[in-house]
Peer 1: 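For reference, the structure I am asking about is given below.
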There are 2 protein chains.
Amino acid sequence: MSKPDISNAEFDVLDVLWERNPASASDVVQTLSSHKEWHEKTIKTLLSRLVKKGVIGFEKQQRQYLYYPLIAREDYTAQEAESFVGKLFKGKITPLVAGFATQKTLSKDDVNELKALIAQWEEDND
Amino acid sequence: MSKPDISNAEFDVLDVLWERNPASASDVVQTLSSHKEWHEKTIKTLLSRLVKKGVIGFEKQQRQYLYYPLIAREDYTAQEAESFVGKLFKGKITPLVAGFATQKTLSKDDVNELKALIAQWEEDND
DNA sequence: AAACATCGATTACAAGTGTAATCTTAAATG
DNA sequence: CATTTAAGATTACACTTGTAATCGATGTTT
């Protein structure tokens with residue numbers, strides 16, 4: 001039972017369901033309408049594909065369906081992060097962080113959060 | 001001039017060229033043979049596609065071609081990292097690092113490197 | 001009740017991808 | 001020199017993805 005691939009377009013739909021769950025197809029359509037130019041039919045297709053892939057489920061509510069995710073965002077991102085970092089950085093996050101550090105995409109707040117993370121890690125692993 | 005998409009299979013080929021450059025098709029085939037089950041023809045196809053996409057170039061060496069990357073690994077990974085983190089973590093690396101921290105994929109060495117990175121960052125941005 | 005709107009299901013269709021096989025041509029070998 | 005080999009070019013083909021349109025059934029409206 002290998003994790004199904006979730007395409008980019010599918011991800012955007014799934015992401016709505018992670019935010020607002022359960023949601024009808026038209027809820028999703030409405031939510032996405034603010035930042036995507038997708039036709040309603042397109043979104044319905046994506047919902048169907050996610051259902052077929054076993055990524056989301058639904059309950060019949062009269063005539064509409066109410067959809068909900070079957071996987072947690074954290075689990076998904078954890079897996080994706082691991083495979084991404086595995087592929088591009090041999091599994092090490094530090095080069096990734098280093099890239100962000102030099103690329104100027106790191107703020108003082110980010111750095112403080114990182115420090116807190118490290119402090120926590122050290123407390124736990126000692 | 002939008003960056004061409006590089007598929008997963010293509011990436012593995014490109015990655016060989018980042019390691020060993022320039023290289024003939026059979027060099028790439030040999031290098032990949034250790035960890036991939038790909039047919040020689042498949043790899044040739046991938047090389048051609050990378051050429052067509054403008055990701056790699058080549059020089060005719062008699063009858064064979066010598067291929068070489070046209071983009072730097074660092075540039076590619078930087079772009080990918082940014083879009084990945086943008087997509088999954090709203091552009092913040094800290095949640096990614098946090099995931100690694102709790103997921104146990106973080107070693108003492110990693111933490112030390114992170115600390116060094118932070119120290120360096122603080123020195124630079126002050 | 002008849003017409004219409006709307007749901008999900010099914011079908012569409014081009015581009016990209018994984019994974020090669022075949023073709024053409026030129027080099028190597030007998 | 002004739003033939004076999006091997007390099008890249010071209011073609012193949014099923015599956016996925018983006019992006020919908022159409023279909024059949026069921027609610028809704030007049």
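Only this structure's heavy atoms are used, side chains among them; waters, hydrogens and symmetry mates stay out.
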Peer 1: Could you state the atom-to-atom distance from NZ of K52(A) to C1' of dT16(D) in whole Å?
Peer 2: 11 Å
Peer 1: Are any of W38(B)'s side-chain N or O atoms less than 4.0 Å away from OP1 or OP2 of dT19(C)?
Peer 2: yes
Peer 1: Would you say that more than 12 heavy atoms from the other residues, nucleotides or ligands in this model lie under 6.0 Å from the CD of Q62(A), or not?
Peer 2: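 Check passes, neighbour count above 12.
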Peer 1: Does S48(B) get its side chain close enough to the base of dA9(D), under 3.5 Å, for a donor-acceptor pair?
Peer 2: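 Not at all, since no donor on one side and acceptor on the other fall under 3.5 Å apart.
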Peer 1: Would you call E10(A) and K53(A) a salt bridge, using N to O less than 4.0 angstrom?
Peer 2: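 Yes, E10(A) and K53(A) are salt-bridged.
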Peer 1: Would you sort out whether E19(B) and R73(B) count as a salt bridge (charged side-chain N to carboxylate O under 4.0 Å, His left out), showing the intermediate values?
Peer 2: CA-CA 10 Å; E19(B) 285 294 325; R73(B) 196 181 207 283; 5.5 Å; no
Peer 1: Between T105(B) (side chain only) and A101(B) (backbone N and O only), is there a donor and an acceptor less than 3.5 Å apart?
Peer 2: no
Peer 1: For H39(A) and dT11(C), what is the distance between atoms NE2 and C1' respectively, to the nearest whole Å?
Peer 2: 16 Å
Peer 1: Indicate the atoms forming the closest heavy-atom contact of L66(B) with S24(B), along with that distance.
Peer 2: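 So the minimum-distance heavy-atom pair works out to CD2-N, 3.7 Å.
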Peer 1: Whether the K108(A) and N125(B) side chains hold a donor-acceptor pair (N or O, under 3.5 Å, no angle test) is what I'd like checked.
Peer 2: no
Peer 1: Could you go over nucleotides 24-30 of chain C and give all protein N or O partners under 3.5 Å, atom names and distances?
Peer 2:
unit_1: dA27(C); atom_1: O4'; unit_2: R63(B); atom_2: NE; d: 3.2

Peer 1: Under 4.0 Å between a side-chain nitrogen and a carboxylate oxygen: does that hold for E82(B) and K87(B)?
Peer 2: no
Peer 1: What is the distance, to the nearest angstrom, from the NZ atom on K44(B) to the P atom on dA6(D)?
Peer 2: 10 Å
Peer 1: Give one of base, sugar-phosphate or nothing for S7(B), where a contact means two heavy atoms less than 4.0 Å apart.
Peer 2: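 Here S7(B) touches the backbone only, sparing every base.
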Peer 1: Among the candidates dT17(D), dC23(D), dT19(C), find the nucleotide nearest to the side-chain atoms of K41(A).
Peer 2: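 Given the options dT17(D), dC23(D), dT19(C), the side chain of K41(A) is closest to dC23(D).
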Peer 1: For dA9(C), does either OP1 or OP2 sit under 4.0 Å from a side-chain N or O belonging to Y65(A)?
Peer 2: yes
Peer 1: Could you check how far OH of Y67(A) sits from P of dC7(C), rounded to whole Å?
Peer 2: 10 Å
Peer 1: In whole Å, I'd like the distance from the CG atom of L66(A) to the P atom of dC7(C).
Peer 2: 13 Å
Peer 1: Taking atom types as modelled, is there a side-chain donor on Q79(A) or D75(A) under 3.5 Å from an acceptor on the other?
Peer 2: no
Peer 1: Reckon T42(B) has a side-chain N or O less than 4.0 Å from the OP1 or OP2 of dA20(C)?
Peer 2: yes
Peer 1: Round to a whole Å and report the spacing from CD1 of I43(B) to P of dA20(C).
Peer 2: 10 Å
Peer 1: What pair of heavy atoms forms the shortest contact from L96(A) to L96(B), and how long is it?
Peer 2: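 What the structure gives for the nearest pair is CD1-CD1, 3.6 Å.
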Peer 1: Looking at the base of dG16(C), is there any donor atom on it, or on the side chain of R49(B), that sits under 3.5 Å from an acceptor on the other one?
Peer 2: no
Peer 1: Could you check whether K53(B) gets within reach of a base, just the sugar-phosphate, or nothing at all, counting any heavy atom under 4.0 Å?
Peer 2: sugar-phosphate
Peer 1: Rounded to the Å, how far apart are F11(A) CZ and dT17(D) C1'?
Peer 2: 16 Å
Peer 1: Rounded to whole Å, how long is the line connecting atom CG of L46(B) with atom P of dA9(D)?
Peer 2: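 About 14 Å, once rounded to whole Å.
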Peer 1: Where along residues 20-35 of chain B does a heavy atom fall under 4.0 Å from DNA chain C?
Peer 2: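 None, since no heavy atom is under 4.0 Å.
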Peer 1: Can you see which heavy atom on L70(A) is nearest to which on G54(A), and at what distance?
Peer 2: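 Minimum heavy-atom contact is CD1-O, 3.5 Å.
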